[in-house]
Amino acid sequence: AKRVLRRARPVMLHLVLGLALYNSDLLFLRALRSSPDVGIYAATYTLISFAGNLGVAYGMSLMPSLASLPRGGPEQRALYHTAVLHSAAIAVPTFVGGVFVAPDVMRLVFGGQYAEGGPLLQILLASIPIFTARLIVFFALVVHAGEQSLVRAIVEALFANILLNLVLIQALGTIGAAWATVATEVVFCALLARYGRSEGLRFPPIKRFWQPLVACAVMGLALVVAGEQNALLRVAIGAT
């Protein structure tokens, strides 16, 4: 048990620093803006957190399967690629379709007074595909004993997030906080992907993503043609 706890320390540090990272935008909003801004942003981010927790659940189920295969072997690499493709097949349509119905979703879930969170949700939805891809790398690095890389990546991402929040929230308010979140996810994912490549964990070639990308383009066209229909009807059209 002591050996497991020793190895878990960097992972726990990563998770604690992650909590600081994902709450820093609320702290900066409260310091630089107003309580209503914090309330709107927190409500909007609840939906993103829900999607993120689903990604964590998927990653937790993936980790033992990765660990059971020879490290760096073709079977493990194939499973890693499959996991990335699975996450893209869910996360990319969620982002594209969500952009069309975000204001209606905010009204439906939180009430009319939160409808102004629609533009925030449209921006924050862009973080979901990046976040899910990053989670796959995270769990694969844990399997590959890359805990120190996780700590380095979260520290670097946290510094980037603080700088982005200071600049963008001051200039743009809640919209700036949303863009800071998306930009931080891009930085964080790029850092983890770099550390992952050093362990032989490379993303699948872009050509393997063509099916969900084409499907999302068709879905977007269908939602444009559907126009201002009922939100639930548009969700059904997009899913179909």
Side-chain angles (χ1 to χ4, degrees), residues 18 21 48 51-63 65-67 69-102 121-144 146 149-150 152-154 156-157 160-161 164 178-225 237-240:
L21 190 153
I48 304 300
N53 287 331
L54 294 178
V56 171
Y58 178 79
M60 292 291 286
S61 68
L62 170 69
M63 190 163 58
S65 299
L66 281 174
L69 298 172
R71 178 173 167 179
E75 297 92 347
Q76 191 187 65
R77 185 164 55 252
L79 178 60
Y80 178 74
H81 285 182
T82 299
V84 173
L85 292 165
H86 280 173
S87 67
I90 300 297
V92 175
T94 300
F95 159 52
V96 176
V99 166
F100 287 90
V101 297
L121 183 57
Q122 288 174 319
I123 297 170
L124 288 169
L125 282 166
S127 67
I128 292 180
I130 309 165
F131 177 80
T132 52
R134 176 173 63 75
L135 279 175
I136 304 301
V137 186
F138 169 85
F139 286 106
L141 280 171
V142 173
V143 169
H144 279 240
S149 296
L150 297 178
R152 286 194 295 271
I154 190 69
E156 292 166 345
N161 180 252
L164 287 165
W179 281 118
T181 295
V182 175
T184 299
E185 283 295 348
V186 172
V187 171
F188 201 179
C189 186
L191 289 168
L192 282 182
R194 186 185 71 187
Y195 291 126
R197 284 195 298 272
S198 67
E199 296 287 339
L201 299 166
R202 297 180 178 274
F203 285 142
I206 191 66
K207 64 183 180 181
R208 294 195 62 187
F209 293 89
W210 74 267
Q211 287 176 313
L213 293 177
V214 169
C216 284
V218 174
M219 177 179 66
L221 179 61
L223 290 172
V224 169
V225 172
I237 291 171
T240 302

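What's counted below: heavy atoms across the whole structure, side chains too, no hydrogens, waters or symmetry copies.
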As an exercise, state the distance from [atom1] of [X] to [atom2] of [Y], rounded to the nearest 0.5 Å.
X      : Y      : atom1 : atom2 : answer
Phe131 : Phe138 : CZ    : CZ    : 10.0 Å
Leu21  : Ile154 : CG    : CD1   : 5.0 Å
Tyr80  : Arg77  : OH    : CZ    : 12.0 Å
Leu192 : Arg197 : CG    : CZ    : 11.0 Å
Phe95  : Gln122 : CZ    : CD    : 9.5 Å
Asn161 : Phe188 : CG    : CZ    : 10.5 Å

Exercise: identify the closest heavy-atom pair between [X] and [Y]:
X      : Y      : value
Arg71  : Glu199 : NH2-OE1, 3.0 Å
Ala88  : Pro93  : O-CD, 3.5 Å
Gly55  : Leu135 : C-CD1, 3.5 Å
Leu164 : Ala183 : CD1-CB, 3.7 Å
Val137 : Ala193 : CG1-N, 4.3 Å
Leu62  : Ala83  : CD2-CB, 3.6 Å

(request) Mind running side chain to side chain contact (heavy atoms under 4.5 Å, CB included) on Ile128 and Leu125 for me, showing each step along the way? (result) CA-CA 6 Å; Ile128 292 180; Leu125 282 166; 3.7 Å; yes
(message) Is the shortest side-chain heavy-atom distance between Tyr58 and Ile136 below 4.5 Å?
(response)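 Counting from C-beta outward, Tyr58 and Ile136 do come under 4.5 Å.
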(request) Would you check if Gln76 and Val143 make a side-chain contact, meaning some heavy-atom pair closer than 4.5 Å? (result)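 Result yes, sub-4.5 Å side-chain heavy-atom pair found.
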(request) Quick one: do Phe209 and Val84 satisfy side chain to side chain contact (heavy atoms under 4.5 Å, CB included)? Show the steps, please. (result) CA-CA 10 Å; Phe209 293 89; Val84 173; 3.9 Å; yes
(request) Give a yes or no on this: more than 12 heavy atoms of other residues, nucleotides or ligands lie within 6.0 Å of atom CD1 of Ile90. (result)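 No.
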(message) Testing Val96, Val92, Val224, Ile237 one by one against Met219 for a side-chain contact (heavy atoms from CB on, under 4.5 Å), which residue passes?
(response)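 Result: among Val96, Val92, Val224, Ile237, Val96 is the only option passing the side-chain contact (heavy atoms from CB on, under 4.5 Å) with Met219.
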